[in-house]
Amino acid sequence: MDFRKINFGLSDAQSERMDYPNLLKDGYLNISQVIETVNNPRYFLFLGYKGSGKSSLSEHLKLCENDYIVEQQPLTNFPFKFFDKVINSEDRTIKYKIIWRWLLCAYVLSSLCKDLKQINEDTRQAIAIFTQLGLFPVINISSLLKKSSTTTISATIKSLGISHSINEEYAEADMELLTNYVKDIIATITEKKPYLIIIDELDDILTPNGRQFENIAALINETKELNAYFHYNNILVKIIILCRTDMFERLPGQNLNKIKQSNSFTFTWYREGIDSNKHSDLVSLINKRAKLTYPEINDVFKEFFPQNYDNTNIYSALLNYTRHIPRDFVQLMNYIQQNCDSEYVTKTAIIKGLKNYSTDYFLPEISNELSGYLPSVAIQPVFNVISSIRSQSFTYEQFIKIYHDVYALKNIDPLEILNILYDCSAIGHTHYYKENNTTRVLFKYRNRSTAFEKSDKILLHRGLWKAMNVDY
Ligand SMILES: Nc1ncnc2c1ncn2[C@@H]1O[C@H](COP(=O)(O)OP(=O)(O)OP(=O)(O)O)[C@@H](O)[C@H]1O
Ligand SMILES: [Mg+2]
């Protein structure tokens, strides 16, 4: 057996599905019974940090289409500004809700009809009218939003002969009327296989000036209501939303906490406890994928690696360089593999692999994550500040001293930067507990409910050491 021959995967699920679909079909790890959770009608919101496997779930379900029909709806480059063009109402919350309900219902109807062989005559006529007026077929939600002008909606209502009981000027009422009509048609369709509509790439709104937190909150609230409607009317349709945890936490509205408690699943790869790393789901993921090349393999780390590194067992030593998410761990395996010159992994290959991983993957990945929250011109200077401290750990005061001399950062609150760095686990800290005179290392990926605390000593994540030249 040769370590170099194993295919551990790529850094994102979309590319992986194109090049190695089998890795996402048979090499997919059903973490915390996530597939069973998809099948449970109550759960529709899947939360996870960047690289935690949200899109992988979507691609896995798409590849298992024998069990479901799956429609993927990435909201990349979503034209949010059209929300104001469709309905010009002052109350944004209501406007967003009404428009999302329309978009989702129309999308569901159009998708269902595409796959159905038998549709009743009334539905067929309605679809013909939607098509005539340019609303159907719905290729994606973005294009439907662009086409849903007030005039098209009211023309559709007229052609369908739905009675107007309300003032025609009132665009919101028109949209609601048409939405209810569409909802009623959906209820008449009998679909045999579960139909999953998966909305992904919501974090596209994190681009500067693109923040649409209220709008996304409305999408989530509306999806909950529609899923309940589908469920209680025995309609086998479910809308699933994949969302970054850090973004979800910034959305407004009290309802969302209830949704998080009752209707969401969170991808959690980190586990506390003795021997937890050896039995980590991340180790199982690597072994599962290795088995596709060598079915007889049980433990890649036992088979190919030195049993200790950094004076620590190999499982913990390697996982310490990650934020306990699959993207980090798969990439670490890939970089080590690229530096192997025999069928086994040597210490030299690990050292070289870690260096490449840190500079070519980890630092850019963290930068990419920060770019959702900081102006792009500020990102490199932040790392320059950290790198010039020249230490794996430092205090808030040390950071501030250098920070204040950097012109590019003069309008950004340093505490905001440190909070963001903490949230993506680029930094952690050691916290001292007076009560029992102990110190604990805290990182967001391990201690989800913690926040940055400026009186604590700051620790740079090990994955950044080589890239920041503090690896000594
Ligand atoms: N359950 C899993 N089983 C096997 N591999 C996985 C699993 N989850 C994630 N991976 C691996 O991790 C990589 C990154 O995952 P993915 O692209 O799904 O992350 P994401 O949460 O969608 O990230 P982003 O927020 O950046 O879009 C995948 O390409 C795949 O190799
Ligand atoms: Mg993704």
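Model, not experiment: these values are computed from the prediction. Throughout, residue positions are numbered sequentially from 1 according to the sequence presented. Start at 1 and go down the list; that is how both ligands and their atoms are numbered.
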Here's a test for you: under side-chain contact (heavy atoms from CB on, under 4.5 Å), which of Phe304, Phe8, Tyr357, Phe3 qualifies with Ile336? Phe3
Taking the six-membered ring for Trp and the full ring for Phe, Tyr or His, determine whether the centres of Phe83 and Trp100 are under 6.0 Å apart. yes
Mind checking whether Phe82 and Phe80 have ring centres under 6.0 Å apart? no
Between the side chains of [Y] and [X], is the shortest nitrogen-to-carboxylate-oxygen separation below 4.0 Å, so that they form an ion pair?
X: Arg92; Y: Asp84; answer: no
X: Arg289; Y: Glu16; answer: yes
X: Glu369; Y: Lys50; answer: no

What count do you get for protein N, O or S atoms closer to the Mg ion (ligand 2) than 2.8 Å? 1
Begin from the C-alpha positions of Asp281 and Phe329 and carry the test side-chain contact (heavy atoms from CB on, under 4.5 Å) through to its verdict. CA-CA 11 Å; Asp281 284 326; Phe329 205 39; over 6 Å; no
Before you tell me yes or no, could you show the steps for Asn320 and Asp310 under side-chain hydrogen bond (donor to acceptor under 3.5 Å, both in side chains), namely the whole-Å CA-CA distance, both residues' side-chain angles and the distance that decides it to 0.1 Å? CA-CA 10 Å; Asn320 280 342; Asp310 279 347; over 6 Å; no
How close do Arg250 and Asp423 get, heavy atom to heavy atom, and via which atoms?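 What the structure gives for the nearest pair is NH2-OD2, 3.9 Å.
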Every residue of the protein that comes under 4.0 Å of ligand 1, judged on heavy atoms: Leu10, Ser11, Asp12, Ala13, Glu16, Gly27, Tyr28, Leu29, Tyr49, Lys50, Gly51, Ser52, Gly53, Lys54, Ser55, Ser56, Trp269, Leu285, Arg289, Pro326, Arg327
